[in-house]
Amino acid sequence: MANPIELTTPAASMAAKLRRWRFPLLFAGIYGLMHRAYFQIPDEVLRDTLYHWGLVRPDAALIDLLAPGERVAAVGNHLVSARANLEVVRGCDGSGALFLVVSAMLAYPAELGRKLAGVLAAAVFMYLLNLLRIAAIYVVVAYYPAWFLPAHTYFAPTLIVVLGCLFFAWWAASGGADADGNRRVS
């Protein structure tokens with residue numbers, strides 16, 4: 001058992017305060033670094049490469065698979081059909097929600113291997129959710145244009161963030177660690 005005098009020293013008090021703030025400070029720092037790195041990517045690279053090949057083409061294929069009559073084409077960073085022209089731009093690519101989940105996983109006290117597996121699973125999960133989100137926004141633009149602004153600005157982003165938070169909570173709870181990173185014994 002620790003000496004009670006040691007627990008009241010300024011160093012011990014400061015260490016306890018730092019442990020309490022470790023997760024939120026690390027989370028915010030990692031999120032900030034990821035966000036900064038994201039904004040270092042030139043718009044042309046995002047628009048012409050990442051969005052076209054990583055989001056727009058898969059979404060065009062998904063929409064055409066689910067609704068072949070739509071005949072959606074991937075044109076640069078646009079989903080284009082006779083009914084709609086939806087542009088995917090920076091900030092509407094799901095990166096913010098992905099950064100939140102990944103930052104939380106990296107800041108959470110867990111073993112490195114578990115963190116890396118969680119980050120990989122989160123990236124796949126968030127990517128698939130984002131493809132579904134973009135396809136749903138396309139349907140809104142094509143068939144319910146008056147709903148575009150609330151769907152795009154409020155409903156879809158909120159749903160993605162909530163699902164990302166639930167994924168993180170599931171991941172954190174499934175690891176069996178307490179707030180200090182110690183393994184729980186059942």
More than 12 foreign heavy atoms under 6.0 Å from CZ of R90: is that the case here?
yes
So CG of L116 and CE of M105: to nearest 0.5 Å the spacing works out to 11.0 Å
Interatomic distance, CZ@R133 vs CE@M126, rounded to 0.5 Å, equals 10.0 Å
Check whether any side-chain heavy atom of R71 lies under 4.5 Å from a side-chain heavy atom of S81, and answer yes or no.
no
To the closest 0.5 Å, what do you measure between CG (L25) and CD1 (I30)?
11.0 Å
If you group Ile, Leu, Val, Met, Phe, Trp and Tyr by side-chain heavy-atom gaps below 4.5 Å, do Y154 and L159 land in one group?
yes
Under a 4.5 Å cut-off applied to non-hydrogen side-chain atoms, are L46 and Y38 in contact?
yes
Hey, is the main chain of H52 close enough, under 3.5 Å, to the side chain of N77 for a donor-acceptor pair?
no
Do D59 and Y138 pass the side chain to side chain donor-acceptor pair (under 3.5 Å) test, and can you show the C-alpha distance, the side-chain angles, and the key distance before you say yes or no?
CA-CA 9 Å; D59 260 319; Y138 168 84; over 6 Å; no
Can L163 be reached from V124 by stepping across I, L, V, M, F, W or Y side chains whose heavy atoms are under 4.5 Å apart?
yes
With sequence neighbours excluded, what pairs up with V80 under the side-chain contact (heavy atoms from CB on, under 4.5 Å) test?
V75, H78, N85
Geometric class of the W170/F167 ring pair [parallel <30°, tilted 30-60°, perpendicular >60°]:
tilted
Which heavy-atom pair separates A73 from A60 by the least distance, and what is that distance?
C-CB, 4.4 Å
Who passes ring-ring contact (aromatic ring centres under 6.0 Å, His included) against F23, sequence neighbours left out?
none
Are side-chain heavy atoms of V102 and L106 found at a separation under 4.5 Å?
yes
So, do V89 and C92 sit near enough that their side-chain heavy atoms are less than 4.5 Å apart?
yes
Measure the shortest side-chain to side-chain distance between V140 and H152 over non-hydrogen atoms and say whether it is less than 4.5 angstrom.
no
Rounded to the nearest 0.5 Å, what's the gap from CG on L98 to CE on M34? Could you check?
5.5 Å
Co-membership, hydrophobic cluster, residues I134 and V139, 4.5 Å side-chain
yes
Rounded to the nearest 0.5 Å, the OG atom of S95 sits from the CG atom of L50 at a distance of 10.5 Å
Please test S174 against R114 for side chain to side chain contact (heavy atoms under 4.5 Å, CB included), starting from the C-alpha separation and ending with a verdict.
CA-CA 11 Å; S174 69; R114 185 165 179 280; 3.5 Å; yes
Please name the pair of heavy atoms, one in L62 and one in A135, separated by the smallest distance, quoted to 0.1 Å.
CD2-CB, 4.0 Å
Do side-chain atoms of T158 reach the backbone of F155 as a donor and acceptor pair under 3.5 angstrom?
no
As an exercise, state the distance from CZ of R36 to CG of L33, rounded to the nearest 0.5 Å.
8.5 Å
Over 60° means perpendicular and under 30° means parallel, so tell me whether Y31 and F99 are parallel, tilted or perpendicular.
perpendicular
Say whether W53 and V45 are linked into one hydrophobic cluster, either directly or through other cluster members, by side-chain heavy-atom distances under 4.5 angstrom.
no
Going by heavy atoms in the side chains, are F148 and L86 under 4.5 Å from each other?
yes
State yes or no: do V161 and L131 share one hydrophobic cluster built from I, L, V, M, F, W and Y residues joined by side-chain heavy-atom distances below 4.5 Å, directly or via other members?
yes
Check whether N130 reaches the backbone of D93 with its side chain - one donor and one acceptor, N or O, closer than 3.5 Å.
yes
Please name the pair of heavy atoms, one in A146 and one in P150, separated by the smallest distance, quoted to 0.1 Å.
O-CD, 4.0 Å
Can you check whether V141's main-chain N or O pairs, donor with acceptor, with R83's side chain at less than 3.5 Å?
no
side-chain contact (heavy atoms from CB on, under 4.5 Å) partners of V56, counting only residues at least two apart:
A74, L79, V88
pair F27-Y108: side-chain heavy atoms closer than 4.5 Å:
no
